[in-house]
Amino acid sequence: MKIFEEIESEVQSYARSFPRVFNKAMSEFLYDEEGNEYLDFLAGAGTLNYGHNNPVFKEKLLEYIHQDGITHGLDLHTKAKGEFLETFNEKILKPRNLNYVVQFTGPTGTNAVEAALKLARNVTGRENIIAFTNGFHGVSLGSLAATGNSHHRGAAGVNLSGTSRMPYDGYLGDDIDTTAYLDKVLSDSSSGVDKPAAVIVETVQGEGGINAASFTWLRNLQTVCRKYEVLLIIDDIQAGCGRTGTYFSFEEAGINPDIVTLSKSLGGYGLPFAVVLFRPELDLWKPGEHNGTFRGNNFAFVTAKAAIDHYWSDDRLTRDVKRKGEYISRRLQGIIDLHGEGNFTLRGRGMFKGINCVNGDLAGKITRRAFRQGLIIETSGADDHVVKFLCPLIISDENLKKGIDIVEQAIKEVCGKEESIPEQKDYFEAQKLAS
Ligand SMILES: *Cc1c(COP(=O)(O)O)cnc(C)c1O
């Protein structure tokens, strides 16, 4: 379709990796205009944990629309919002002994991060925020200052200030606990690092290359934060909502962050929705001090509640994610051992996994080949060198296997003696022949 080249900005990114016009979607599948089917291992960059157009949520949403339920509600109390809050409190917060208040922000992840940083600064009266190497927290200026990637930072056009960078877990090698460095820096009044309001961290870095922090490291990080009375913000926008198995990605580490950001899969249906959770003592906001026109996406309240009711009333999804996560690890490790050029490594936790191909060109070739076989899968990391497996959590075992098989074949072809392997028959040609 010409119109995209004609008037859509050059800023588009995913569209370049998957140059088709998509038209329909269901569960783990996307379909283009010509009816070709694609297995989706990108899943809205972690927004579609429950798949595309989940029929359970769709029914609730259609029902709500038919009843002329509120669509846009600013921050008014609505029935849909009240029901979401009740469900979130009863089924997510209380069973985990988490005592948080909920702030509704503008509906994207970066809106929640901005609010979290602003709150931490206002509550402590300090400006500095500690962020980590390879961290990604969004691209509006406050969040961008906490984001590591130079491609994104370079577009800011202004000084990105108010943050200091510390090495993430593993950044200096497996044997070095980088929280010891943070501890030292905070203890030393001449370290040059201003006492921070907060530390912001992902438990598994998504855009930064699927780097998973160890539970010990996360606990040590919390200990350092407590020691210096620095707030701990977990940015759970991508790792949360079940991606690692538990609802919050920090549960297994046994930590209690002061502030948590959620978005991406929170709305369940792919609808924009973001919140900040924090200890009630931190709730020093004055009415309207922080706002946003789209804090009341009531459709998302309806589907978010449906997602919690359906998937988080028991531990079935958690067990399923663990099981599939182990399968993914086993398969990816096998692929790495067989075809990984000796330097590929497995990354991540739960169903948040990646293959570090070390080389971005190689990773790009692999994902492009996979796409030709009908698999949508992206790369992440500083040099786009990590092939990122982010399929919907509810994917069938059969399709999970199928997607990994496609990647295995692509890696075999890219890393093997490419010239000796005949070009695969184009997937779409094959589909046409079959039909
Ligand atoms: C995606 C993401 C964000 C930003 O969310 P947007 O909706 O793109 O603004 C922030 N933090 C993390 C960890 C993310 O993965």
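Note that ligands are numbered from 1 as they come in the structure, with each ligand's atoms numbered from 1 the same way.
Of the residues listed (N256, I259, L231, N99), the one engaging R279 in a side-chain contact (heavy atoms from CB on, under 4.5 Å) is L231, and it is the only one. Just one residue in the list F41, F371, F18, Y38 forms a side-chain contact (heavy atoms from CB on, under 4.5 Å) with I377, and that residue is F41.
Around atom CZ of R316, no more than 12 heavy atoms belonging to other residues, nucleotides or ligands sit under 6.0 Å away.
Cation-pi geometry between K81 and F104 is met: under 6.0 angstrom from the ring centre, within 45 degrees of the axis.
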Between side-chain atoms of residues 150-159 and protein atoms elsewhere (two or more places apart, or another chain), which donor-acceptor pairs fall under 3.5 Å?
from, atom 1, to, atom 2, distance (Å)
R153, NH1, L144, O, 3.3
R153, NH1, A145, O, 3.2
R153, NH1, T147, O, 2.8

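Classification of the F132-Y168 ring pair by plane angle, with boundaries at 30° and 60°, yields perpendicular.
The 4.0 Å heavy-atom shell around ligand 1 contains residues T108, G109, T110, F136, H137, G138, E202, D235, I237, Q238, K264, ordered by chain and number.
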